[in-house]
Trainee: 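The structure that follows is given in the form of C-alpha cells.
Being a predicted model, the structure only gives us computed values, none of them experimental.
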Amino acid sequence: MGLQLTEAHLQRHEMNYPPKMLLVFGDSYVDTGNTRIDQAGSWKNPYGVTFPGKPAGRFSDGRVLTDFIAKYLGIKSPVPYKFRKLMLKQLKSGMNFAYGGTGVFDTSSKNPNMTIQIDFLKQLIKEHVYTTSDLNNSVAYVSVAGNDYNFYLATNGSIEGFPSFIASVVNQTATNLLHIQRLGVRKIVVGGLQPLGCLPSSTALSSFQQCNSTFNDLIGLHNKLLNQAVTKLNQKSKDNSTFIVLDLFDTFMSVLNHPSTNNIKDPLKPCCVGLSSQDFCGSVDERNVKQYKVCDSPKSAFFWDLLHPTQAGWHAVYNKLQTTTSALRRLRY
C-alpha cells in the first residue's frame, strides 16, 4: 500500500512541477561544446560521427547522458556556455557549463574547474540572464567523472594517500552542490563515479578483457562517501530530496555484465583507437593522415574511446537508470 501511495504521489507531482531548465556542471562526460576547438578530442573527426554527423564538441560519437536527461525532462539540450551569445532563444532550456578534462580541483587541463563553472552561473544571474524564478524551476546535473583522480595518479600521488584524497574530492563536491543550491536551484543530481577500472584506459593491459578490481574498490570508497555527504546535505535542507545521487557505478556494471540485453557486442573494447600506443582516437600525423581506426558499428560498442561511452553506451545507461532507480523520476517533481 505504501509503495502505491508513493507512486501516485510521484505521478501527481510530476504533472504539477516539471522543471523548465537543466544546468550542467562538470567534465567531458557531459561537455557538449565548451572545450576549445584546438584541444584534443571532441572537435576532431571522428567524434560526432553518429550525431550530429560531424565533430560538435561532445566526447563521443554522438549524444551524452545529459542529452538523454534533457529529453526525459521534455526540454532541449542546454546550450554550451561558450555559445550563450549565439543561441539566445535556447537559453530558456538552461545552460551547460561543463568543460572536458576538469575536476573539482585543478587538473592538467587549463579549462575552468567546477568552482569557476559555478561562478559563471553567478555572473549570469548578476547580468539578469536568469531570474530567481528560472532557478527555482531548474534542475542541475553535476558530473565528477574522475579527472581529479587521474591527475592525482599522474602526479605521483601515493596509493596510501589515495583514501584521504578521495575524501577531499567528495568534500569539495559537497561544497559545490551546496553552492548551486544556494543560488536557488530546486533539484541537484550528482553522478556517482563510474567503474574507472573498467574504462578501456584501465583494461588495455588485459587486451580489454577484464576490469581492474583494485581501482574499482577505491571507486567504491568515493561512492560510499558521496552517498553519506548527500544524505547529510538532504538532512540539513528544508526539502529532504533536494540532492540526488545517480548510481553510475552499478548502472555501468549492469550494462557491461549483460551486454547482449543492450545489443552491445564488445563491452570493454573501445570503438575508436589509435594505431599505435602514441596515437589516440582523432590523431593525425603531420601530413594530416589519420592515425586511428573506428569499429564498423559504434552502436554495438559500449565505449567510444579510452575513456568515454558511445551514444549507444550512454543510451543503455540511461535506459537502465530509468528502469532500476527512482532517481530520474525524482527530478520531475
Trainee: Is D27 reaching over with its side chain to a backbone N or O of A145, donor-acceptor style, under 3.5 angstrom?
Mentor: yes
Trainee: About how many Å separate CG of D266 and OG of S297, when rounded to the nearest 0.5 Å?
Mentor: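 Interatomic distance, S297 OG to D266 CG, rounded to 0.5 Å: 10.0 Å.
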Trainee: Is there a disulfide (SG to SG under 2.5 Å) between C211 and C198 once you walk through the steps?
Mentor: CA-CA 4 Å; C211 300; C198 296; 2.1 Å; yes
Trainee: Run the side chain to side chain contact (heavy atoms under 4.5 Å, CB included) test against Q228 and tell me which residues pass, sequence neighbours left out.
Mentor: K224, L225
Trainee: For the pair C295/C272, is the SG to SG distance below 2.5 Å?
Mentor: no
Trainee: Any chance you could measure Q194, atom CD, to L256, atom CG, to the nearest 0.5 Å?
Mentor: 10.5 Å
Trainee: Closer than 3.5 angstrom, by distance alone: can the side chain of S283 be matched with the main-chain N or O of Y292 as a donor-acceptor pair?
Mentor: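 Answer holds: no.
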Trainee: By the salt bridge (Lys or Arg N to Asp or Glu O under 4.0 Å) test, which pairs, at least two apart or in different chains, include something from residues 294-311?
Mentor: none
Trainee: Measure the CD-CD1 distance between Q123 and I118 for me, rounded to the nearest 0.5 Å.
Mentor: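 One finds 14.5 Å between CD of Q123 and CD1 of I118.
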Trainee: Over 60° means perpendicular and under 30° means parallel, so classify the ring planes of F165 and Y152, tilted if in between.
Mentor: parallel
Trainee: Provide the full list of salt bridge (Lys or Arg N to Asp or Glu O under 4.0 Å) pairs with a residue in residues 89-109, sequence neighbours left out, each pair given once.
Mentor: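 For residues 89-109: none.
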Trainee: Quick one: does V139's side chain get under 4.5 Å of L73's, heavy atoms only?
Mentor: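 SC-SC contact between V139 and L73 confirmed.
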Trainee: How many angstroms lie between atom NE2 of H258 and atom OG of S254, to the nearest 0.5 angstrom?
Mentor: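 OG of S254 is found 6.0 Å from NE2 of H258.
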Trainee: Would you say K82's side chain and G33's backbone share a donor-acceptor pair under 3.5 angstrom?
Mentor: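 Flag set: sc K82 to bb G33 pair under 3.5 Å.
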Trainee: Would you mind listing every ring pair (Phe, Tyr, Trp, His ring centres under 6.0 Å) that reaches into residues 103-148, with sequence neighbours excluded?
Mentor: Y81-F120
Trainee: Are the aromatic rings of F303 and H308 close, with centres under 6.0 Å apart?
Mentor: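 No, they do not, as the ring centres are separated by 6.0 Å or more.
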Trainee: Is there any salt bridge (Lys or Arg N to Asp or Glu O under 4.0 Å) pair reaching into residues 31-53, and which pairs are they, with sequence neighbours excluded?
Mentor: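 Qualifying pairs: R36-D38.
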Trainee: Which pairs pass salt bridge (Lys or Arg N to Asp or Glu O under 4.0 Å) with one or both residues in residues 116-143, sequence neighbours excluded?
Mentor: D119-K122
Trainee: Parallel, tilted or perpendicular, judged at 30° and 60°: which one describes the rings of H315 and F68?
Mentor: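 H315 vs F68 ring planes: tilted.
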Trainee: Looking only at the aromatic ring of each residue, does the gap between the centers of W314 and F252 stay below 6.0 angstrom?
Mentor: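 Under 6.0 Å, so yes.
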Trainee: Do any N or O atoms from the side chain of N96 and from the backbone of V30 form a donor-acceptor pair under 3.5 angstrom?
Mentor: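 Yes, the answer is positive, given that a donor and an acceptor are paired below the 3.5 Å cut-off.
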Trainee: Determine the sole option in L331, V142, V317, L65 for which the side-chain contact (heavy atoms from CB on, under 4.5 Å) test with L246 is passed.
Mentor: L65
